Amino acid sequence: YSLVTADVDGGNERILATRKGRETFSTYGLSWAPDGSMIVCPAGRWDQGHYVKLIGVDAETGAERVLGQQSWFSIYQAAWQQDMSGLIICAREQPSSPHQIWRITYPEGLTEKVTNDLNEYKGVSISGGLIATVQTNRSWRMWLATSGTTEQAVPIASGVGFTYGMSWVLPDQIVHSSMIRDKLNISRIDTDG
């Protein structure tokens, strides 16, 4: 992973920072500081889990510094406030928590939660004192239907978490993997719920 700058026409390409192996830069959420001095980018590491920090990279020297002290599971996007008093980020604290909107003060690095609900937020953009984001609300249910009769499908479980796969194990039992309470679990459910 490399953080690269270039002229608008593609000339003068220059690598500012690089990550290798277990270290990554996010492919989402780069943000130039309004004064052009710094680029903010989420940078992560796999080490008995995934941890992401918001990194500020000097646009001239490539010198890096961590913005804020909190580690995240993911940072989807970051946007500078025009007066450079802080950044608004769309971030997830734990693997199964939803992306929420946060503010990180600059240069202090203090973290403040802007949203605090069960909705998922994707992306963030700022204009003046307004924040734009996309809010989604997901509901996970497991359904059972007779082959070819989906209009008569019956829900057998709700709140099962984000499911990564399932399989019949007995004529009346289903096993599925899902993310629940910040852990990847394997669960079994009877077909009657």
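Predicted model, so just to flag it, every value in this text is computed and none were measured.
The nearest pair of heavy atoms linking A79 to S31 is CA-OG, 3.7 Å. Considering every non-hydrogen atom in both A59 and G36, the closest pair reads CB-O, 3.5 Å. Listed here is the closest heavy atom pair of C41 and F25: SG-CD2, 3.6 Å.
For the salt bridge (charged side-chain N to carboxylate O under 4.0 Å, His left out) condition, the pairs that include at least one residue of residues 96-109, sequence neighbours left out, are R103-E112. Within the structure, salt bridge (charged side-chain N to carboxylate O under 4.0 Å, His left out) contacts touching residues 61-74 (residues at least two apart or in different chains) are R19-E64. Annotation: ring pair (Phe, Tyr, Trp, His ring centres under 6.0 Å) contacts involving residues 3-22, sequence neighbours excluded, are absent.
Applying the ring pair (Phe, Tyr, Trp, His ring centres under 6.0 Å) criterion to W32, with sequence neighbours excluded, gives no partner residue. T191 is linked by a side-chain hydrogen bond (donor to acceptor under 3.5 Å, both in side chains) to nothing, counting only residues two or more places apart in sequence or in another chain. In this structure, the side-chain hydrogen bond (donor to acceptor under 3.5 Å, both in side chains) partners of D35, at least two apart in sequence or on a different chain, are S37. For Y28, the ring pair (Phe, Tyr, Trp, His ring centres under 6.0 Å) partners are Y76, not counting sequence neighbours. Residues passing the side-chain hydrogen bond (donor to acceptor under 3.5 Å, both in side chains) test with D192: none are found, sequence neighbours excluded. Contacts of Q77 classified as side-chain hydrogen bond (donor to acceptor under 3.5 Å, both in side chains), with partners at least two apart in sequence or in another chain: none.
When hydrophobic side chains of Ile, Leu, Val, Met, Phe, Trp and Tyr are connected at separations under 4.5 Å, V134 ends up as a singleton with no cluster partners. Through chains of ILVMFWY side-chain contacts below 4.5 Å, V114 is grouped with I88, I101, Y121, V124, I126, I131. Taking Ile, Leu, Val, Met, Phe, Trp and Tyr as members and joining any whose side-chain heavy atoms lie under 4.5 Å apart, directly or through other members, W143 forms no hydrophobic cluster with any other residue.
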For W102 and L87, what are the C-alpha separation, side-chain angles and deciding distance, and is it a side-chain contact (heavy atoms from CB on, under 4.5 Å)? CA-CA 8 Å; W102 299 76; L87 293 116; over 6 Å; no
I would like to know whether Q135 and D117 meet side-chain contact (heavy atoms from CB on, under 4.5 Å); could you show each step before the answer? CA-CA 11 Å; Q135 180 190 67; D117 54 38; 4.2 Å; yes
Go through the steps for Y51 and W46 under the test ring-ring contact (aromatic ring centres under 6.0 Å, His included), then give the verdict. CA-CA 7 Å; Y51 305 95; W46 287 95; 8.9 Å; no
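D58 places a side-chain N or O within 3.5 Å of a backbone atom of E60 that can act as its donor or acceptor partner. Of the possible donor and acceptor atoms, none in the side chain of T111 sits under 3.5 Å from a partner among the backbone N and O of I104. Proximity of a side-chain donor or acceptor of T24 to a complementary backbone N or O of S26 within less than 3.5 Å is not detected. In this structure, the side chain of K53 engages the main chain of Q69 through a donor-acceptor pair within 3.5 Å. A side-chain donor-acceptor contact under 3.5 Å links Q100 to the backbone of N116.
The one candidate from V40, V66, I75 that meets the side chain to side chain contact (heavy atoms under 4.5 Å, CB included) condition with I55 is V66. The side-chain hydrogen bond (donor to acceptor under 3.5 Å, both in side chains) with S74 is formed by just one residue from the set R92, H99, H50; it is H99.
Contact of the I189 side chain with the M142 side chain is registered, since non-hydrogen atoms from C-beta on lie closer than 4.5 Å. In this structure, the side chains of I156 and I174 come closer than 4.5 Å at one or more pairs of heavy atoms. Side-chain contact between M38 and L67 is present, with heavy atoms from C-beta onward closer than 4.5 Å.
One distance of note links CG of L3 with OG1 of T5; it measures 7.5 Å at 0.5 Å rounding. To the nearest 0.5 Å, the span separating CG on D190 from CG on L144 amounts to 11.5 Å. Annotation: the span from D7 atom CG to E13 atom CD amounts to 10.5 Å, rounded to 0.5 Å. Note that OG of S71 is 11.5 Å distant from CG of L54, once rounded to the nearest 0.5 Å. Taken from OH in Y1 to NZ in K20, the straight-line distance is 14.0 Å, to the nearest 0.5 Å.
Around the CD atom of E151, the shell of radius 6.0 Å holds more than 12 heavy atoms that belong to other residues, nucleotides or ligands. Surrounding CD1 of I15 are at most 12 heavy atoms belonging to other residues, nucleotides or ligands under 6.0 Å away.
Note: the hydrophobic cluster containing Y106 also contains W72 (ILVMFWY, side chain heavy atoms under 4.5 Å, direct or indirect links).
Using modelled atom types and a 3.5 Å distance limit, the side chains of E93 and Q70 yield a donor-acceptor pair. Between the side chains of S85 and D83, at least one donor-acceptor pair of N or O atoms lies under 3.5 Å.
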